[in-house]
Amino acid sequence: MLIFFGRQLYKNSYMIRSMVIRDLRQRYVGSMLGIFWSVIHPLTQIMLYYFVFGVVLKMRLGPEYGETKFVFWLIGGLLPWMFFADIITRAPKAVIDQGNLVKKMVFPSEILPIVNIAAALINHILAIAILVVFLVASGQGISPKIYLMMPYLLLLIVFSLGISWLLSSLTVYLRDIGHIIGVIVNIWFYLTPVIYPQQQIPGSLLRFFRLNPMLHIIEGFRTALLGKTSVDITGLMYLLVAGIVILIAGAFTFRKLKPNFADVL
């Protein structure tokens, strides 16, 4: 099944590239700053979180993070979360918004969530590049563990793609999912140690929090960017298994529901 999706991805690579370019143009069409808004929005959100948690609440990191500045630690967790949230909140409408294409021709609708992920990935890479520049300019420097970002980013994409296939196919039949997912993403955000260290989670609850794949992705990104903590091999293996399971579940659901998309849309 995954081989089938892989072939579809390769076969339609040109179409995916064209749709990603169109998606980015549509997002910023008519605006003076264009793609720079993809940096301004997350930057504004990061500054807001830093003001509340770093300045007002004076949250500080534990000794395990050494001399790392809170703002860089915060950004290291917020960037992968924003990438994930951008993909997941757009996923329910991925097929519905392209209803005309799905109904009028033999269209490989499974590529639609991939288009959303590719467009979000461009913004994410841009944001990571800016963070690296700030790390160097501030004297913090680039971590020798920066190479670890690749496996964590790949697993984040695999996990997000599985959920996107699930949501985009189910929403064709259950339109309420599009409204519910915004609430779920907000709750998920606060149940993931993005704005607080996982060391502050009570020991009795930590094993439940560690079932959340996003916890391991956030911590993995921080390890790669800041280099102050060791790689959690157990967490990485759990993330690999969880990502593959979700990917297969999403691919199976999408392929099962796809034949009736045109009748329902």
Side-chain angles (χ1 to χ4, degrees), residues 16-17 20-21 23-24 27-28 33-50 53-54 61 65-90 113-161 163-164 185 188-189 192-195 197-198 213-232 235-236 239-240 243:
I16 292 172
R17 188 164 59 249
V20 169
I21 294 172
D23 181 272
L24 291 172
R27 283 195 193 192
Y28 308 111
L33 297 180
I35 197 169
F36 287 104
W37 282 113
S38 66
V39 177
I40 295 171
H41 282 304
L43 193 61
T44 306
Q45 196 170 349
I46 287 169
M47 289 173 65
L48 183 62
Y49 280 123
Y50 176 67
F53 294 97
L61 301 174
Y65 292 104
E67 300 298 321
T68 302
K69 294 176 181 174
F70 179 77
V71 64
F72 292 131
W73 175 89
L74 181 66
I75 296 173
L78 276 173
L79 291 184
W81 176 265
M82 288 176 177
F83 176 52
F84 174 70
D86 186 16
I87 294 169
I88 299 307
T89 51
R90 296 187 69 196
I114 296 173
V115 170
N116 285 349
I117 291 175
L121 181 61
I122 291 172
N123 291 336
H124 180 65
I125 290 174
L126 189 59
I128 289 290
I130 292 173
L131 173 59
V132 170
V133 170
F134 274 117
L135 284 171
V136 173
S138 69
Q140 183 91 23
I142 300 176
S143 162
K145 298 177 181 174
I146 190 77
Y147 67 92
L148 290 171
M149 188 174 292
M150 286 306 296
Y152 281 106
L153 179 60
L154 180 62
L155 289 173
L156 174 54
I157 290 172
V158 167
F159 182 60
S160 302
L161 179 57
I163 296 179
S164 294
V185 168
W188 199 341
F189 173 74
T192 304
V194 179
I195 53 177
Q198 67 164 329
M214 286 306 297
L215 178 148
H216 303 288
I217 289 171
I218 299 296
E219 292 302 320
F221 264 72
R222 282 177 173 147
T223 297
L225 283 167
L226 307 175
K228 300 298 182 184
T229 51
S230 302
V231 181
D232 180 0
L236 186 60
L239 185 58
L240 176 64

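Position 1 is the first residue of the sequence, and the numbers go up from there.
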Inset, instruction - Please name the pair of heavy atoms, one in Val185 and one in Ala85, separated by the smallest distance, quoted to 0.1 Å. - result: CG1-CB, 4.1 Å
Legend entry - Nearest-0.5 Å distance, CE of residue Met82 to CD1 of residue Ile87: 14.0 Å
Legend entry - Check: Ser164 and Asn116 side chains under 4.5 Å, non-hydrogen atoms: no
Legend entry - Residue pair Ser160 / Ile88: nearest heavy atoms and the distance that separates them: O-CD1, 4.2 Å
Legend entry - Straight-line distance of Ile217 CD1 to Leu155 CG, nearest 0.5 Å: 7.0 Å
Legend entry - Any Phe221 side-chain heavy atom under 4.5 Å of Leu79 side chain: no
Inset, instruction - Flag the pair Trp81 / Thr192 as yes when at least one side-chain heavy-atom distance between them is below 4.5 Å, and no otherwise. - result: yes
Legend entry - Side-chain (Ser143) to main-chain (Lys145) donor-acceptor, under 3.5 angstrom: yes
Legend entry - Leu74 to Ile195 - nearest heavy-atom pair and separation: CD1-CG2, 3.9 Å
Inset, instruction - Determine the minimum heavy-atom distance between Ala224 and Met149, stating which atoms define it. - result: CB-N, 3.5 Å
Inset, instruction - Give, for atom CD1 of Ile117 and atom NE2 of His124, the distance between the pair rounded to the nearest 0.5 Å. - result: 12.5 Å
Inset, instruction - Check Pro193 against Arg222 and note the closest heavy-atom contact, atom names and distance. - result: O-NH1, 3.0 Å
Legend entry - Asp232 and Glu219, any side-chain heavy atoms less than 4.5 Å apart: no
Legend entry - Passing candidate, side chain to side chain contact (heavy atoms under 4.5 Å, CB included) with Tyr152, options Ile218, Val231, Thr223: Val231
Inset, instruction - Give the minimum heavy-atom separation between Phe72 and Leu226, together with the two atoms involved. - result: CB-CD2, 4.1 Å
Legend entry - Contact check, side chains of Leu121 and Leu153, non-hydrogen atoms, under 4.5 Å: yes
Legend entry - Straight-line distance of Phe83 CZ to Ile122 CD1, nearest 0.5 Å: 10.5 Å
Inset, instruction - Give me the ring orientation class for Trp188 and Phe159: parallel if the planes are under 30° apart, tilted from 30 to 60°, perpendicular past 60°. - result: perpendicular
